[in-house]
Each structure stands twice: as structure tokens, then as C-alpha cells.
Amino acid sequence: MTGHQRPAVIEQLRARIATIERMGVGGEDEVRPVLTFGQPAIDMALPWLGLPLGCLHEIVGQGTSGFAAASGFTCALLDRLGGGECDIGDMAVTGVTVLWCLQAHEVREHGVPYAPGFAALGLDPAHTIVTRGRNDTDILWAMEEGLHTPEIGVVIGETNAVDFTYSRRLQLAAEASGVTAFILRRGVDMPASAAVTRWRVVPVSGISAGGVRWQLVLQRCRGGTPNEWFVEWNDETGNFAVAPEFRHGMPQPHRAYA
Amino acid sequence: MRVTAPSAAAAAEGIVSGLPLTDARAQHPGLKAFPADPVEDAKTLARIAEWCGAYTPWTAPEADGEALEGGSAGVWLDATGCAHLFGGEAKLTRMLIARMWRLGFTVHAGLAETPGAAWAVARFGQIGRERTTGRKDKDGRIVPPGGMRAALTPLPVMALRLPADVIDGLYGLGLRHVGDLLNVPRGPLTARFGEIITRRLDQALGHVFEPISPRLETLPMRVRIMPAEPLGQSTDIVIGLKRLLRQLEARLRRKHLGVRKLVLSLYHVDGEVSWVSIGASRPVRDPDHLLRLFAERLESLDPGFGIEVMALTAPVTEPLPPEQIPLASRRASTAPAELSALVDRLQNRLGTENVMRFDLRESHIPERAAAPVPVFHTGPPASPAPSTCRRPVRLLPQPETIEATAMIPDGPPVMFRWRRVLHRITWAEGPERIAPEWWLKAAPWHAPWDLETRDYYRLEDMEGGRFWVFREGLYRMISEMPQDPPRWYLHGLFA
């Protein structure tokens with residue numbers, strides 16, 4: 001190899017590395033479809049100005065209520081996806097088909113997604129395929145099968161057994177097909193993962209009693225910084241609202257029967 | 001104890017079935033006897049019938065009553081349209097006898113145009129008198145077309161599958177051979193012995209059709225291959241399966257059909273038969289898709305000593321019009337195909353019942369408001385209950401008992417203990433009263449909460465968790481039921 005060829009080779013290698021790492025901050029040349037929260041406070045904090053599609057995201061909920069909140073948050077995200085406020089071409093118009101993979105013994109602990117409930121949050125039961133696997137292997141296999149099918153818009157998997165290798169595998173499958181994957185996990189001993197973002201959802205008391213209100217913690221974000229917000233979900237309009245910071249910490253709950 | 005089935009060697013020594021065992025032992029002290037096991041015999045016979053499925057799809061083990069008293073039982077095979085695959089009837093018969101011989105069975109085969117005649121020549125045939133081994137009986141006994149009368153004439157009357165008392169009666173009259181019966185007038189025979197003799201004669205001669213039920217329903221959509229060498233590797237099986245699928249596809253395409261269920265039968269060299277079956281959520285005939293569905297199952301399959309015949313049967317088919325190759329828009333036509341392929345793969349690995357979609361139903365009972373249905377189920381359009389109340393995002397499979405404390409008897413709880421954790425309630429909404437559906441009868445399998453009115457409350461605890469709980473039954477006065485405080489259950493979790 002002669003000397004003057006070397007810069008060209010290095011350029012090529014850089015381009016390859018950039019392709020491999022295209023989920024990083026760079027890559028302004030590539031327009032990736034994103035899912036916007038509709039709230040500049042959150043969208044601007046993410047390096048992609050929204051949640052990138054065709055990627056693996058982790059959503060963590062601690063405890064049974066936390067897990068329900070995480071499920072609700074995922075449904076709410078999908079409502080925004082189906083709502084057409086995302087630029088993924090005509091896909092949003094046809095409605096997104098969702099594959100939701102449950103695990104048999106986790107179901108006993110956390111319950112099954114309840115159709116009238118998630119329908120109210122904006123996920124159409126007619127377009128939601130629910131599968132039940134015996135173990136984590138089944139879940140990961142089903143998720144990967146779903147990620148290889150372009151007709152599926154979103155794959156949700158409830159599993160705790162995703163290690164770095166497998167999450168990388170899912171991430172690559174998602175990138176290849178453009179299908180978005182969410183892993184719903186209980187918040188116990190979480191290993192490193194190749195997911196693009198990791199969110200923790202904590203249910204908190206709403207300002208209006210009984211309203212849907214979460215503390216969203218962006219724990220990990222490739223190319224971004226961790227952050228947190230208090231959001232309220234309005235299922236009438238399908239919108240998130242960022243609650244202002246409270247001056248004296250958390251709002252005091254209503255003591256209805258104290 | 002009596003002898004029921006003497007071996008060929010014992011029969012040659014004069015031991016006949018029906019002889020008391022002690023007499024037989026007195027004649028031949030070295031006689032070996034094994035207890036008869038009719039149940040196992042029937043099972044073995046059924047397995048042989050199964051295995052013969054490699055040669056013809058129509059097989060049936062002989063029913064109990066058909067076997068002669070003490071005679072050995074048999075298997076019916078309908079070789080119509082199959083013999084040419086093996087080089088003719090004689091070759092097929094010879095092959096079957098040789099294979100069974102290798103598996104350790106002594107068999108006699110008879111082949112004729114009617115079941116009755118085949119039965120007769122198999123057992124009493126004149127062609128080969130050597131009845132000791134199957135090997136000597138190589139050619140079997142084949143009755144040429146139209147030759148039933150000639151073949152049956154010299155045979156004893158036992159060959160007509162008659163009950164023992166009828167045979168005794170015939171012997172008493174000096175009618176020992178079928179030929180004798182053919183020459184006697186029928187009227188007196190029927191008057192004396194009933195219609196059985198004439199019926200059996202007509203059946204054997206082909207004057208009357210004799211229906212026999214096959215062991216398995218024979219299906220028109222069946223393809224089979226017999227490789228030159230037994231297949232011992234799973235890769236070979238896959239190659240064989242590909243050929244079968246292509247053959248099947250051609251036939252399905254001609255008839256505009258697609259399969260919903262497919263059974264692959266593998267006939268092993270050692271007489272075993274194994275099956276792999278798959279299901280499809282929509283009619284399919286695409287070989288690649290079907291092969292992928294089989295791939296999961298074939299991994300766990302053990303070829304054993306080798307597989308000599310593979311057959312593919314489609315028990316369930318549905319109309320599938322020929323697909324038109326789209327010119328302009330790819331999008332419109334490919335959508336359901338890929339999705340149904342995915343659903344099939346999921347169903348075949350996880351089980352059909354584990355891949356579903358929820359249909360909203362018009363019911364206020366929470367469990368009935370969402371009904372699991374197959375993914376491509378097309379029922380009446382979903383008509384969700386006109387509920388304005390919020391529903392939880394996750395529902396427990398079974399309502400779980402909680403210990404709840406309420407301030408006032410028919411009010412919402414102020415705290416409850418669930419899974420050993422105490423939740424203090426800061427906000428409550430309710431009750432939403434859901435009465436049981438009175439038009440549905442209470443059945444014994446119904447849980448107690450199914451039969452009672454439930455008062456649902458939405459609760460929020462200090463940590464922000466949102467719960468859906470209910471009290472079973474209407475509140476009754478404490479004075480009425482002091483021993484029976486209302487029971488509370490947690491049913492769901494809100495987002």
C-alpha cells in the first residue's frame with residue numbers, strides 16, 4: 001500500500017465505523033424516523049429530537065405498580081406512534097401492528113395486559129398480537145421473529161434475561177428491519193445492554209386525583225445525558241404534559257380518608 | 001388354561017388351539033407356554049397396520065370378531081392404485097412379507113378383488129402349502145381378477161369367516177369345502193343357518209360390497225416418497241420434506257386449495273412410525289413457509305435406524321385461490337402473507353393457545369370484556385361495552401385476596417395488605433357496581449366472585465401506585481352477619 005492511498009483507506013474505515021455507530025450523536029446526514037413526545041423539554045433533551053424508531057429501548061418498572069406504569073407508558077408511546085405525529089411515512093396511517101410477548105409466570109405476578117385498559121391508552125387491541133412464552137428463551141425468540149417481520153411495527157417483550165449479547169442482537173435486528181423494540185423489565189439487577197435508551201417509570205400521585213402521572217427517568221441514553229421529568233398523560237388528547245418542578249419537592253397527596 | 005395360538009412348529013406336532021395346556025404338556029414336556037395378552041396383541045396389530053401405511057394409505061387392523069376362533073389376526077390393506085408403485089401386486093406382496101419377516105413376524109398374505117377372498121387365500125390358500133415360514137411363502141397368494149370362484153372352491157368352509165357353530169353344522173351335513181356350498185341351493189342353507197353363509201359367500205365372490213372402516217381416514221391430499229436408501233440424517237429428511245412439499249403444492253394449486261394442518265409421517269426401518277404435525281393460521285401452500293414451520297419440530301426428531309418412507313398428509317384444507325402476481329403495488333398484497341407466516345411460526349413453537357389477540361366484548365364483567373381470539377379470527381365486529389369508567393392496564397389472571405380496612409362498612413378501604421405489603425390509600429374513587437350477568441346460569445366452576453355483585457374502587461396509595469380493587473357482594477348489616485366481614489380482592493393495576 002502506498003502512502004497516498006492511506007488517507008482514503010482511513011476515510012473508508014471512519015465511514016464504516018460511523019455506520020456501525022450510527023446511533024451516536026453524529027450522523028446528521030441520516031434522517032432517522034423518530035417518535036416525538038410532543039414536549040420540547042423532553043424531545044430536545046434527546047439527541048435524536050425524539051425517540052428513534054427501529055431501535056431497542058428498555059423501559060423499567062420497579063415493583064408491580066411500577067411495572068403497570070411502565071406498561072402504561074409504553075402504550076402511551078405507541079398511541080403517539082399511531083397518532084400520526086411521527087414521520088414514518090404512510091405507516092402511521094395504516095396503524096401499527098404490535099407484537100406483545102408475555103412470559104407465563106411473570107403474568108401471574110404482574111397480570112396480563114388488559115385490552116379495555118390499553119385500548120383507552122391508545123393501543124388498538126385489533127392490531128395487538130399477544131403471545132405467551134414459557135421462558136425467557138421463548139420471549140427472546142419471539143421478539144427476534146417479530147423484529148424480522150417488517151409488517152410488525154413494534155415488538156414489546158417482557159423479560160429480565162436480556163444480557164448485552166442478546167440485546168445487541170435485538171438491536172441489530174431492529175436496525176435492519178426498522179421495527180422498534182421495547183423491553184419491559186422489572187428493575188432488578190440490570191446488566192449492561194445495547195439498548196439505545198433506558199427509561200425508568202415511577203408512578204406518582206397526580207395533581208388532579210387519579211390522573212395518570214409518572215416520573216420519567218432517562219437512565220441511559222446513547223449519545224445523550226441522563227435526565228428526568230414529571231409527566232402527565234392525557235388519554236383524551238393523547239398528549240404528554242411536562243409538569244413543572246415543584247418548589248417544595250413532591251406534592252402532598254390528598255388525604256381523603258385520613 | 002388352554003392353548004390359544006400354537007406356533008408353526010407346535011402345530012406340526014399336533015398341538016391345536018383349544019387344547020388344554022396340561023394335555024399339551026403331557027404330549028410334549030418341553031413345550032414353552034406364554035400367557036396370552038389380547039390387549040397387547042391388538043396394540044401390536046394396530047402398530048403393524050400403522051406401519052403398513054407406508055405402502056398404502058388405507059389400512060385397518062382386523063376387528064376382534066373377525067378372527068377365527070384361535071386363528072391369528074390380520075391386517076387389511078387396500079392396495080388399489082398402490083401396487084404399481086412397487087412393481088406390481090406380486091412384488092408388493094413379496095416385499096411386505098419380507099419386511100415383516102425381518103421385523104420378526106411370520107405373515108401370510110392374500111390378495112384378491114374382495115376382502116373375503118383375500119382373507120380366505122391368506123389363511124387357507126393352495127398356492128403355497130408351506131405354512132411354516134414367510135420366506136417359503138414368498139409369492140403370497142394372489143387371486144387373479146375374476147378368479148375368486150376358482151380360488152375359493154377347493155378351500156375349507158372355515159375360509160368363509162363363519163362362526164364355529166355354523167362350521168360344526170356344515171361338517172355334520174358333509175359340506176366341507178366352499179365348492180360344496182356353491183352347489184347347494186341357498187334356500188335351505190339360509191333356513192338352517194341364517195343369512196351368514198350366503199352373505200359371506202357373496203362378499204367373497206364380489207356379489208356384495210363389504211365395507212371395512214380404515215384405521216385412519218384416507219385423505220385425498222397425500223404425497224409420499226420412498227427413498228432408495230433409508231434416511232439416517234436429519235438433513236436428508238429436510239431434503240425429502242422439500243420434495244414432498246413441492247409435490248403437494250402442485251396438487252394443491254391444481255385444486256385451488258391451501259392447507260391449514262399438515263401431518264408428516266415417518267416410517268422407520270424398525271417398524272416405528274413417528275409424526276410431526278403443524279398448523280397454519282390461514283390456508284397456505286407455499287413450500288418455503290411450510291418448511292420453516294416444520295424446521296422447528298424436525299430438530300428434535302430422531303431418525304433412529306433410518307426412515308424408509310415419508311408421507312405428507314393434509315387433513316384440513318381450505319380454498320385458496322391462485323394468487324395474482326401484482327404489477328404495480330407490492331405493498332397491498334404482501335402485507336398479510338408475512339404477518340401470517342410470523343403468526344404460524346409463533347403458534348408452532350409456543351402453541352396455538354399462546355398466540356392471540358383480544359377482542360373487546362360487550363360485557364361489563366371485566367374478565368369477559370376482553371376475549372382472547374385467534375389472531376386472524378373474523379367474528380362479528382367488536383362492540384365494546386359503553387363504559388366511561390377507567391379500566392386498568394394490567395389485569396391479574398385471578399383476583400387476589402387482600403386484607404382491607406374500610407372506615408365505613410360500605411366505603412372504600414383506607415388501607416389494604418396485598419402480597420404482604422401494606423398500602424395506605426390517599427385517594428379513592430367508586431364504587432362502580434358491577435352486577436353478575438343474570439342471564440347466564442351459575443355453573444359449579446364459577447368462582448365465588450362470579451356470582452356476587454362487585455363494587456369496584458380505584459385507589460391510589462402513598463407511593464403513587466394505582467389499584468383496582470373490589471368488594472365481593474353487597475354490604476350487609478354488620479348485625480346481620482357479624483362473623484362474615486366482606487371480602488376484598490385486588491383485580492388490576494392502573495398505569
Side-chain angles (χ1 to χ4, degrees), chain A residues 63-73 75-76 94 97 99 104 107-108 110-121 125-134 138 141-142 145-146 148-152 202-206 209-210 212-215 233 235 253-258, chain B residues 334-339 341-343 345-347 349-351 353-360 366 369-372 375 382 384-385 387 390-398 406-407 411-414 418-419 421 425-429 458 460-467 491-495:
Chain A
T64 321
S65 326
F67 200 75
S71 322
F73 174 61
C75 295
T94 55
T97 304
L99 178 69
V107 158
R108 250 164 293 171
H110 297 294
V112 284
Y114 184 49
F118 65 68
L121 280 163
H127 285 125
T128 306
I129 302 170
V130 180
T131 69
R132 199 164 42 198
R134 288 171 297 272
D138 278 354
W141 172 83
E145 288 288 322
H148 288 312
T149 310
E151 268 78 35
I152 294 282
V202 185
V204 288
S205 305
V212 182
R213 185 174 161 88
W214 300 304
Q215 181 188 13
W233 170 255
D235 52 6
H254 309 256
R255 303 294 300 195
Y257 302 95
Chain B
T334 53
E338 286 273 335
L339 200 60
L342 170 74
V343 169
R345 284 201 297 279
L346 293 172
Q347 282 184 344
R349 169 146 172 177
L350 306 174
E353 70 284 359
N354 286 328
V355 182
M356 63 204 129
R357 186 168 63 79
F358 287 104
D359 234 3
L360 297 180
V375 175
S387 172
R390 280 184 191 237
R391 288 287 176 258
V393 72
R394 297 190 83 96
L395 194 76
L396 296 177
Q398 287 256 315
M407 282 289 273
V414 287
W418 176 53
R419 292 179 182 171
V421 178
I425 306 306
T426 57
W427 173 85
E429 186 186 84
R458 287 173 59 207
E460 189 172 296
D461 73 357
M462 284 176 86
E463 281 77 46
R466 288 176 272 267
F467 307 92
H491 203 175
L493 297 137
F494 289 94

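These figures come from a predicted structure and were not determined experimentally. So that the names make sense, note that chain A is the first sequence line, chain B the second, and so on, each numbered from 1.
With a 4.5 Å cut-off on side-chain heavy atoms, A/Ser65 and B/Glu463 do not count as touching. Within the 4.5 Å cutoff, side-chain heavy atoms of A/Glu145 are placed close to those of B/Leu342. Contact annotation: the side chain of A/Trp141 approaches that of B/Leu346 to within less than 4.5 Å [non-hydrogen atoms, C-beta and beyond]. With a 4.5 Å cut-off on side-chain heavy atoms, B/Gln398 and A/Arg108 do not count as touching. In this structure the side chain of B/Asn354 never reaches within 4.5 angstrom of the side chain of A/Asp138, judged on heavy atoms.
The minimum heavy-atom distance linking A/Val212 with B/Ala495 is given by the pair CG1-O, 4.3 Å. Pairing each heavy atom of B/Leu396 with each of A/His110, the nearest pair is CD2-C, 4.1 Å. Heavy atoms only, all atoms of each residue included: A/Pro113 and B/Phe358 are closest at O-CE1, 4.1 Å. Here the closest non-hydrogen pair linking B/Leu360 and A/Pro116 is CD2-N, 3.8 Å. Between B/Glu353 and A/Arg132, the shortest heavy-atom distance links the atoms O-NH2, 3.7 Å. Scanning both residues, A/Gly133 and B/Leu350, for their nearest heavy atoms gives CA-CD2, 4.1 Å.
With a 4.5 angstrom heavy-atom cutoff, A/Leu121 touches chain B only via side-chain atoms. With a threshold of 4.5 angstrom between heavy atoms, B/Val421 does not approach chain A through any atom at all. For B/Val375, the part sitting under 4.5 Å from any heavy atom of chain A is the side chain, from C-beta outward, and nothing else. If you measure heavy-atom distances from A/Ala126 to chain B, the contacts under 4.5 Å come from both the backbone and the side chain. Interface remark: B/Phe467 contributes side-chain atoms only to the contact with chain A (heavy atom separation under 4.5 Å).
In this structure, the separation between CZ on B/Arg357 and OG1 on A/Thr128 is 9.5 Å, given to the nearest 0.5 Å. From B/Arg466, atom CZ reaches atom CZ of A/Arg213 across 9.5 Å, with rounding to the nearest 0.5 Å.
Between chain B and the residues A/Cys75, A/Gly111, A/Ala120, A/Ala115, the largest count of heavy-atom pairs under 4.5 Å involves A/Gly111. When each of B/Pro372, B/Pro397, B/Ala371, B/Gly351 is checked for heavy-atom pairs under 4.5 Å with chain A, B/Pro397 comes out on top. Ranked by heavy-atom pairs shorter than 4.5 Å toward chain B, the options A/Ile129, A/Val112, A/Val202, A/Thr149 are led by A/Val112.
No donor-acceptor distance shorter than 3.5 angstrom exists from the side chain of B/Arg394 to the backbone of A/Ala68, with no hydrogens or angles considered.
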